Visitor: 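Would you mind keeping the following structure in view while I ask a few things?
The chain is numbered in sequence order, starting from 1. It should be emphasised that the depicted structure is a prediction, and the values quoted were computed from it without experimental measurement.
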Amino acid sequence: MTEVSSLTGRLLVATPALADPNFDRAVVLLLDHDDEGSLGVVLNRPTPVGVGDILEPWAPLAGEPGVVFQGGPVSLDSALGLAVIPGDEGPLGWRRVYGAIGLVDLEAPPELLAAALGSLRIFAGYAGWGPGQLEDEMADGAWFVVDSEPGDVSSPSPESLWRAVLRRQRSELAMIATYPDDPSLN
């Protein structure tokens, strides 16, 4: 099998050509990527459900907006917590994924992490790809792959994250940020 270069910690930004409605203008943070497949969460799909409605003890620690995000179309009945924790050491109940970004053990008592948390976001479900599936989609032009920044996880205006991530690129990708929502109206 061909060795896969890890994209863990990078962002997948849906191209305007991506036809899957689950990923229309999606920004996906890859939490795991290897030759066995890929797993990530969509950062810009807030739901109307408050964190307190499903994980009440974690609600005071969740960043704004304090809602659950739809992390992807897989396992919508499961929750993932992502937190940014600055520094070299993370607290018990947190596992580093990339840089300052890590997964929170939502079974742990929130007070174990409260003092260390820079931000917390809760996701229902995730996005997943089997071996080689994501690479095929990238080769077909479905995704731009760009570097993530810790603030992407906790963006206070997730509805504008797709444009913001593209706009900050130092290449022709920045121009894609101006792509109209409905090109047929041009």
Visitor: Counting only N and O atoms by type, is there a donor-acceptor contact under 3.5 Å from the side chain of S6 to the main-chain atoms of H33?
Guide: yes
Visitor: Would you sort out whether L31 and L103 count as a side-chain contact (heavy atoms from CB on, under 4.5 Å), showing the intermediate values?
Guide: CA-CA 9 Å; L31 303 174; L103 287 166; 4.1 Å; yes
Visitor: Do S171 side-chain atoms and L173 backbone N/O form a donor-acceptor pair below 3.5 Å?
Guide: yes
Visitor: Any heavy-atom pair between the side chains of W143 and V28 that's under 4.5 Å?
Guide: yes
Visitor: Side chains of W94 and L112: closer than 4.5 Å at any heavy-atom pair?
Guide: no
Visitor: Could you check if a side-chain atom of V145 sits within less than 4.5 angstrom of a side-chain atom of M138, using non-hydrogen atoms only?
Guide: yes
Visitor: Taking E137 for the side chain and L134 for the main chain, is one N or O donor matched with an acceptor at less than 3.5 Å?
Guide: no
Visitor: Verify, without hydrogens or angle tests, whether S75 (side chain) and D77 (backbone) share a donor-acceptor contact under 3.5 angstrom.
Guide: no
Visitor: Would you check, one step at a time, whether the test side-chain contact (heavy atoms from CB on, under 4.5 Å) holds for F69 with N44?
Guide: CA-CA 7 Å; F69 281 66; N44 58 334; 6.0 Å; no
Visitor: Is any side-chain heavy atom of L29 closer than 4.5 Å to one of I101?
Guide: yes
Visitor: Quick one: CG on L82 to CD1 on I122, what's the gap to the nearest 0.5 Å?
Guide: 8.5 Å
Visitor: Rounded to the nearest 0.5 Å, how far does CG of L61 lie from CG of L113?
Guide: 8.0 Å
Visitor: Considering the options L117, L120, V104, which one meets the side chain to side chain contact (heavy atoms under 4.5 Å, CB included) requirement together with I85?
Guide: L117
Visitor: So if you build clusters from Ile, Leu, Val, Met, Phe, Trp, Tyr with side-chain heavy-atom gaps below 4.5 Å, do V97 and V74 land together?
Guide: yes
Visitor: Supply the atom-to-atom distance L76 CG to Y126 OH, rounded to the nearest 0.5 angstrom.
Guide: 10.0 Å
Visitor: Kindly determine whether L11 and D147 satisfy side-chain contact (heavy atoms from CB on, under 4.5 Å), including the steps that lead there.
Guide: CA-CA 6 Å; L11 295 177; D147 291 334; over 6 Å; no
Visitor: Go through the steps for V27 and V42 under the test side-chain contact (heavy atoms from CB on, under 4.5 Å), then give the verdict.
Guide: CA-CA 6 Å; V27 178; V42 179; over 6 Å; no
Visitor: Do the side chains of F144 and L12 get nearer than 4.5 Å, heavy atoms only?
Guide: no
Visitor: Measure the shortest side-chain to side-chain distance between P65 and S157 over non-hydrogen atoms and say whether it is less than 4.5 angstrom.
Guide: no
Visitor: Quick one: does any side-chain atom of R163 pair with a main-chain N or O of L166 as donor and acceptor, under 3.5 Å?
Guide: no
Visitor: Look up atom CG in L30 and atom CG in L39, then write down how far apart they are to the nearest 0.5 Å.
Guide: 8.5 Å
Visitor: Quick check against the 3.5 Å criterion: does S148 have a side-chain atom that pairs as donor or acceptor with the backbone of R10?
Guide: no
Visitor: Donor-acceptor pair, R121 side chain versus V153 backbone, under 3.5 Å?
Guide: yes
Visitor: D140: which residues meet the salt bridge (charged side-chain N to carboxylate O under 4.0 Å, His left out) condition with it, sequence neighbours left out?
Guide: none
Visitor: Would you find a donor on one side and an acceptor on the other, under 3.5 Å apart, between the side chain of S38 and the backbone of W129?
Guide: no
Visitor: To check you understand the geometry: which heavy-atom pair defines the closest contact between A174 and R167, and what is its length?
Guide: CB-O, 3.8 Å
Visitor: A side-chain contact here means heavy atoms from C-beta on lying under 4.5 Å apart; do W162 and V13 qualify?
Guide: yes
Visitor: What are the two closest non-hydrogen atoms of L106 and G81, and how far apart are they?
Guide: CD1-N, 3.7 Å
Visitor: Suppose we screen for salt bridge (charged side-chain N to carboxylate O under 4.0 Å, His left out). Which residues come up paired with E149, at least two apart in sequence or across chains?
Guide: R168
Visitor: Are side-chain heavy atoms of I54 and V68 found at a separation under 4.5 Å?
Guide: yes
Visitor: Please confirm whether the backbone N or O of P73 pairs with a side-chain atom of N22, one donor and one acceptor, at under 3.5 Å?
Guide: no
Visitor: Using the side chain to side chain contact (heavy atoms under 4.5 Å, CB included) criterion, which residues pair with A59? Sequence neighbours excluded.
Guide: V51
Visitor: Look only at the side chain of W58 and the backbone of G52, and say whether a donor-acceptor pair between them is shorter than 3.5 Å.
Guide: no
